[in-house]
Engineer: 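Below you'll find the structure I mean.
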2 protein chains.
Amino acid sequence: MALTRIPRDHNLTYGLVESLGQLIVTGEFDAKAFPTEGELSRQHGTSRSVTREAVKMLTAKGLLQARPRQGTSVTPEAQWNLLDPDVLRWLLERKFSLRLLAEFTEMRLAIEPAAARLAARRADPDAVARIRDGLRRMVAAGLGDEEPVTADIAFHTAILAATGNRFYAQLDPLINTALRISIRFTNRVKGRAAGIAGHEEVLDAIAAGDAERAGLAMHALLSEVLELIEAAAAHPGAGARRPVRRAS
Amino acid sequence: MALTRIPRDHNLTYGLVESLGQLIVTGEFDAKAFPTEGELSRQHGTSRSVTREAVKMLTAKGLLQARPRQGTSVTPEAQWNLLDPDVLRWLLERKFSLRLLAEFTEMRLAIEPAAARLAARRADPDAVARIRDGLRRMVAAGLGDEEPVTADIAFHTAILAATGNRFYAQLDPLINTALRISIRFTNRVKGRAAGIAGHEEVLDAIAAGDAERAGLAMHALLSEVLELIEAAAAHPGAGARRPVRRAS
DNA sequence: CTCCGACATATTATATGATTATTATTCTCA
DNA sequence: TGAGAATAATAATCATATAATATGTCGGAG
């Protein structure tokens with residue numbers, strides 16, 4: 001039961017990437033120009049090496065671009081790599097908007113039913129067992145044994161993995177962060193959004209190899225979530241909006 | 001009609017990122033350990049600064065991880081950010097496999113019909129015009145006025161943009177590179193894969209606001225592509241496999 | 001023999017100064 | 001007015017030094 005050794009990610013460079021990433025997505029530099037290399041170093045008390053490496057990482061994620069004499073600048077939002085887990089996390093956590101959450105859910109509505117169909121066609125007994133285990137944990141979480149979000153995530157992750165398609169599996173970290181936000185939100189609005197029953201239907205269909213039913217069941221699940229989000233967007237103020245906390 | 005000023009991307013750092021990215025995805029370091037910072041500098045004739053910055057960019061894309069004393073290492077393939085345009089491009093161009101192309105097409109088969117449905121529900125006249133223009137260019141390309149791939153890409157891009165959903169729009173560069181490879185391949189196997197007629201059906205449905213029909217038409221289009229790829233995978237050698245060229 | 005801590009060591013992480021390349025802006029001159 | 005030259009600002013690159021951090025090694029206590 002060894003803890004999987006998580007890389008520390010605890011150095012100046014990664015810290016600066018986090019800070020700058022959050023500042024960028026929250027629009028801190030929409031008005032004023034992005035600081036120059038030297039300014040960044042001074043402002044954050046880091047060496048130029050660290051600064052440059054952080055800027056390069058953000059460039060790799062599409063948030064920044066740099067040219068001599070012109071300086072470093074924030075790229076137009078359309079070029080941001082929303083499918084990068086970090087970028088999506090910064091957006092959802094630091095610049096939460098129902099609009100963005102709705103758009104992401106709209107994409108899940110395309111991906112996950114297809115994933116369920118593939119899983120129904122391909123899942124081997126082990127994969128099905130992992131999905132079933134996710135569901136079991138969701139039920140257990142209802143009894144307080146575990147955080148419900150974690151179990152729900154495990155369920156969806158297991159289905160993505162069961163597709164045997166690397167691109168679906170790749171969406172796992174994205175869906176995880178979004179789900180964490182999404183659940184936190186849908187719970188506040190209406191108790192538990194999608195009941196255990198809906199998840200059971202998905203699992204049954206996959207286990208039975210019924211691709212069509214699995215897809216439809218997953219679609220129903222996510223449609224409900226999307227409707228909740230869109231309803232809330234139409235009636236602002238119904239659920240208290242969580243204020244955007246800024247890094248101290 | 002000014003050319004959009006494309007950033008030059010013509011410096012040592014980006015060059016090294018390209019080289020290393022290609023080497024990594026082609027499995028160059030599966031056997032031997034990834035070189036140390038100093039070794040990389042010597043091997044590529046770059047200073048430690050550019051070496052480190054290149055490594056950091058690849059780290060941001062999930063290909064590398066570095067820890068003191070342990071050295072830098074290639075991450076397990078499951079952690080690579082396949083949804084990063086660079087990573088996908090390296091894989092498709094330098095380590096082409098029908099398997100990967102099939103998996104990607106499988107994802108397009110989830111995304112693009114959904115995009116077509118959304119486009120049918122939301123597309124304003126301008127957006128429809130842009131889709132129509134893509135189709136017009138495809139027809140013109142048949143007459144030799146333009147490269148067919150470019151026109152086809154414009155068609156798909158316009159639909160993704162018409163969804164008004166940033167995540168769908170984000171898939172544009174990914175689908176572009178893949179489409180470029182995909183078309184090159186499907187053409188070799190069987191002349192033009194999906195005829196103009198299929199594309200016209202998609203456009204008509206979107207213009208008519210018929211979401212269901214648009215989705216089905218797009219689904220049909222991509223199913224045909226996927227079938228071609230899977231058939232070729234089952235009969236290796238039917239179409240001459242393009243050899244993987246290595247950077248000189 | 002096993003476990004634990006001190007120490008050595010390799011490697012990345014950080015810091016800093018200097019130099020070069022690139023390019024937007026300004027100036028000069030025809 | 002316009003073209004070309006000079007200027008200057010900025011990132012890009014290089015070089016070098018020091019710090020931090022894992023990892024292995026070895027000796028000794030139990």
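A, B, ... follow the sequence lines: proteins, then strands. Residue 1 opens every chain. Computation of the quantities below employed the complete heavy-atom set of this structure, encompassing side-chain atoms and omitting hydrogens, waters and symmetry-equivalent molecules.
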Engineer: Measure CG/A/Leu64 against P/D/dA11 and give the value in whole Å, please.
Structural biologist: 11 Å
Engineer: Which residues pass the side chain to side chain donor-acceptor pair (under 3.5 Å) test with A/Thr72, sequence neighbours left out?
Structural biologist: none
Engineer: For A/Thr150, check side chain to side chain donor-acceptor pair (under 3.5 Å) against everything at least two apart and list the hits.
Structural biologist: A/Glu147
Engineer: Using only side-chain N and O atoms of A/Thr72, determine if any of them is under 4.0 Å from OP1 or OP2 of D/dA11.
Structural biologist: yes
Engineer: At a heavy-atom distance below 4.0 Å, what parts of residues 34-45 of chain A sit against DNA chain D?
Structural biologist: A/Thr36, A/Glu37
Engineer: So what is the end-to-end bend of the helix from C/dC1-D/dG30 to C/dA30-D/dT1, with 5 pairs used at each end and the value given to 10 degrees?
Structural biologist: 10°
Engineer: Check whether any side-chain nitrogen or oxygen of B/Thr13 sits under 4.0 Å from OP1 or OP2 of D/dT13, and answer yes or no.
Structural biologist: yes
Engineer: For A/Thr75, enumerate each residue passing the side chain to side chain donor-acceptor pair (under 3.5 Å) test, keeping only those at least two apart in sequence or located in another chain.
Structural biologist: A/Trp80
Engineer: Could you pull out all residues at least two apart from B/Phe167 that satisfy ring pair (Phe, Tyr, Trp, His ring centres under 6.0 Å)?
Structural biologist: A/Phe104
Engineer: Measure the CG-CZ distance between A/Leu23 and A/Phe29 for me, rounded to the nearest 0.5 Å.
Structural biologist: 5.0 Å
Engineer: Using a cut-off of strictly less than 4.0 Å, decide whether B/Ser47 has a side-chain nitrogen or oxygen near OP1 or OP2 of D/dC14.
Structural biologist: yes
Engineer: Compare side-chain N and O positions of A/Arg67 against OP1 and OP2 of C/dT23 and report whether any pair is under 4.0 Å apart.
Structural biologist: yes
Engineer: Compare all side-chain heavy atoms of B/Ser182 with those of B/Val225 and state whether any distance is below 4.5 angstrom.
Structural biologist: yes
Engineer: Only counting residues at least two apart or in another chain, list the ones meeting salt bridge (Lys or Arg N to Asp or Glu O under 4.0 Å) with B/Arg52.
Structural biologist: A/Glu53, B/Glu37
Engineer: Scan residues 48-57 of chain A against DNA chain C and write down, sorted by residue number, each residue with any heavy atom closer than 4.0 Å; if none is found, say none.
Structural biologist: A/Arg48, A/Ser49, A/Val50
Engineer: Going by an N to O cut-off under 4.0 Å, is there a salt bridge joining B/Asp133 and B/Arg136?
Structural biologist: yes
Engineer: Going by side-chain contact (heavy atoms from CB on, under 4.5 Å), name the residues that satisfy it together with B/Ala161, two or more places apart in sequence or in a different chain.
Structural biologist: none
Engineer: Mind checking side chain to side chain donor-acceptor pair (under 3.5 Å) for A/Arg89 and listing every partner two or more places apart, or none if nothing turns up?
Structural biologist: A/Glu18, A/Asp86
Engineer: Report the distance from atom CG of A/Leu16 to atom C1' of C/dT14, rounded to the nearest whole Å.
Structural biologist: 13 Å
Engineer: Rounded to the nearest 0.5 Å, how far apart are CG of A/Leu174 and CG of A/Asp84?
Structural biologist: 8.0 Å
Engineer: Would you list the protein and nucleotides 6-9 of chain C atom pairs, both N or O, that sit under 3.5 Å from each other?
Structural biologist:
from: C/dT9; atom 1: O2; to: B/Arg69; atom 2: NH1; distance (Å): 2.8

Engineer: Nearest whole angstrom, please: distance from the P of D/dT10 to the CD of A/Gln70.
Structural biologist: 11 Å
Engineer: Would you say B/His44 and B/Leu20 make side-chain contact, with heavy atoms under 4.5 Å?
Structural biologist: yes
Engineer: Can you list the residues that meet the salt bridge (Lys or Arg N to Asp or Glu O under 4.0 Å) rule with B/Arg99, with sequence neighbours excluded?
Structural biologist: B/Glu103
Engineer: Over how many whole Å does the gap from B/Tyr14 atom OH to C/dA21 atom C1' extend?
Structural biologist: 15 Å
